[in-house]
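Contents: one structure, followed by commentary.
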Amino acid sequence: MTVTSAPARTSPRPRTALAMGTDIHRALLADDLLDRLREVARVDTTTTITTITDADPAAALRLAHAEVLFTHWGAPPLTEEALHRMPRLRAVVHAAGSVKHHVTEAVWDRGIAVSSAAAANAVPVAEFTLAAVLFAGKRVLDIARDYARARTAPGLLPYYSGHGNYRRTIGVVGASRVGRRVIELLRPFDLHVLLYDPYVDPVEARALGAEPTDLDELAARSDVVTIHAPQLPETRHMFDARRLALLKDGATLVNTARGSLVDTAALTEHLLTGRLHAVLDVTDPDVPPAESPLYTLPNVLLTPHIAGSLGNELGRMTDWAVDELDRYARGLPFAHPVGPEELTRSA
């Protein structure tokens, strides 16, 4: 179970160092957020640490005195060697989603508390998914293309007879933060929600507002399948050629999780025939080759990983992270702690 007790602190305004990509620092910290950060911590908000070495004496000094690392995309890995340069470090507050890219076993071994703004990042992903689900049921993209091609009122009879969002079945794969938020957002609509998650028992699934199923049944019954599972060895190609073949004709696959969860080559074959539709915010590889038909197929909406926090949505993650730093400064437990066991179930 994730430890939620308050991390030990040594001062009311803990010394804090920013560790993230330089460009991220400029985009992340608007003036009002800088003011909030300086209110709760002693921090140099003009510079960031992108690597942990002795090459920069000023950075090395900040790290030697840092009680908290305030991290974001581009944070350097917190290896045992790196932590050796931070003897006073007590907490890592991550103003983004996954901490897998920089938090290592050495962090847990040292007893350093970790917090993440993953729940804040889940909000725009779930909103994107809701839009994708409703547009898919209404066949909005198809009708828009027909309208643009005809330049006159298109014949809507085919859409009247086969599409719409009344009593459609939506399959949610993974009761992650995003998956749970998606189920919540779907609740006001006349939709039937299926859920597959091996860590969620049937009672909890029904309490969330979904019917529990196995993955094959979910694939076969759903009009729209939306993936919110983590990237793990056992989830690679969970939608492989066999499972994609289970999807009903005209179904839509939405992937805002990780590209590796879907066999892209097998999915492309189905998309080329027109049998399936797809909304793909992530692919494998991350950027499809220039010759990939995914860019031009009329039954595919391909976006470059924009479902997560973008533009002013970065401010939500920073706000949540500063709130966590404030809780730490007041001796309170993190509201959004991360433990080593959680990383086996998260993206």
Side-chain angles (χ1 to χ4, degrees), residues 128-150 154-174 179 182-183 186 189-197 210-229 235-257 259-284 288 292-303 307:
F128 180 100
T129 302
L130 174 64
V133 167
L134 296 179
F135 267 39
K138 197 81 170 178
R139 283 289 180 257
V140 170
L141 296 178
D142 299 47
I143 296 172
R145 289 191 182 97
D146 286 349
Y147 194 20
R149 185 167 48 249
L156 294 178
L157 190 58
Y159 299 107
Y160 287 142
S161 62
H163 305 293
N165 285 308
Y166 182 54
R167 293 184 176 176
R168 289 294 182 189
T169 297
I170 312 302
V172 176
V173 180
V182 167
I183 294 171
L186 291 172
F189 302 95
D190 291 313
L191 300 167
H192 184 66
V193 179
L194 306 178
L195 173 65
Y196 166 75
D197 189 311
E211 177 190 344
T213 68
D214 64 40
L215 191 51
D216 282 355
E217 182 182 355
L218 180 146
R221 290 175 56 190
S222 298
D223 298 293
V224 180
V225 172
T226 178
I227 303 175
H228 306 291
T235 61
R236 176 174 171 78
H237 288 187
M238 65 189 309
F239 278 86
D240 55 10
R242 183 193 68 81
R243 189 160 283 133
L244 289 167
L246 297 177
L247 294 173
K248 61 175 67 174
D249 290 352
T252 299
L253 183 71
V254 180
N255 190 7
T256 59
S260 66
L261 275 59
V262 177
D263 182 337
T264 301
L267 175 62
T268 302
E269 290 183 14
H270 286 280
L271 295 170
L272 284 167
T273 69
R275 194 181 81 79
L276 299 178
H277 296 250
V279 177
L280 303 175
D281 190 51
V282 289
T283 53
D284 186 18
S292 172
L294 296 178
Y295 291 111
T296 55
L297 280 171
N299 50 336
V300 177
L301 175 61
L302 181 67
T303 52

So does [X] pair up with [Y], basic N to acidic O under 4.0 Å?
X	Y	result
Arg242	Asp216	yes
Arg149	Asp146	yes
Asp190	Arg167	no

Using a 4.5 Å cut-off on heavy atoms from C-beta on, say whether the side chain of [Y] contacts that of [X].
X	Y	value
Pro293	Thr268	yes
Leu194	Glu217	no
Thr169	Ser222	yes
Leu253	Leu276	no
Asn165	Phe189	no
Leu186	Leu130	yes
Val172	His228	yes
Thr283	Ser292	no

Nearest atoms (heavy-atom pairs only) where [X] meets [Y]:
X	Y	result
Val225	Ala219	CG2-CA, 4.5 Å
Ala307	Asp281	N-OD2, 2.9 Å
Glu211	Arg221	OE2-NH1, 2.9 Å
Leu261	Ala229	CD2-O, 3.4 Å
Val262	His237	O-CD2, 3.6 Å
Ile227	Phe239	CD1-CD1, 3.7 Å

Pair Lys138-Ile143, side-chain contact (heavy atoms from CB on, under 4.5 Å): steps then yes or no
CA-CA 9 Å; Lys138 197 81 170 178; Ile143 296 172; 5.6 Å; no
Spacing of [atom1] belonging to [X] relative to [atom2] belonging to [Y], to within rounding of 0.5 Å:
X	Y	atom1	atom2	result
Glu269	Leu244	CD	CG	9.5 Å
Leu267	Leu294	CG	CG	7.0 Å
Leu301	Leu141	CG	CG	5.5 Å
Leu280	Leu297	CG	CG	10.0 Å
Arg243	Leu218	CZ	CG	9.5 Å
Arg139	Asn299	CZ	CG	9.0 Å

More than 12 heavy atoms from other groups under 6.0 Å of CZ on Phe128:
yes
Should the heavy atoms of other residues, nucleotides or ligands under 6.0 Å from OH of Tyr295 be counted, would the total exceed 12?
yes
Hey, does the side chain of Arg275 reach the backbone of Leu247 with a donor-acceptor pair shorter than 3.5 angstrom?
yes
Full working for side-chain contact (heavy atoms from CB on, under 4.5 Å) between His163 and Asp142
CA-CA 11 Å; His163 305 293; Asp142 299 47; over 6 Å; no
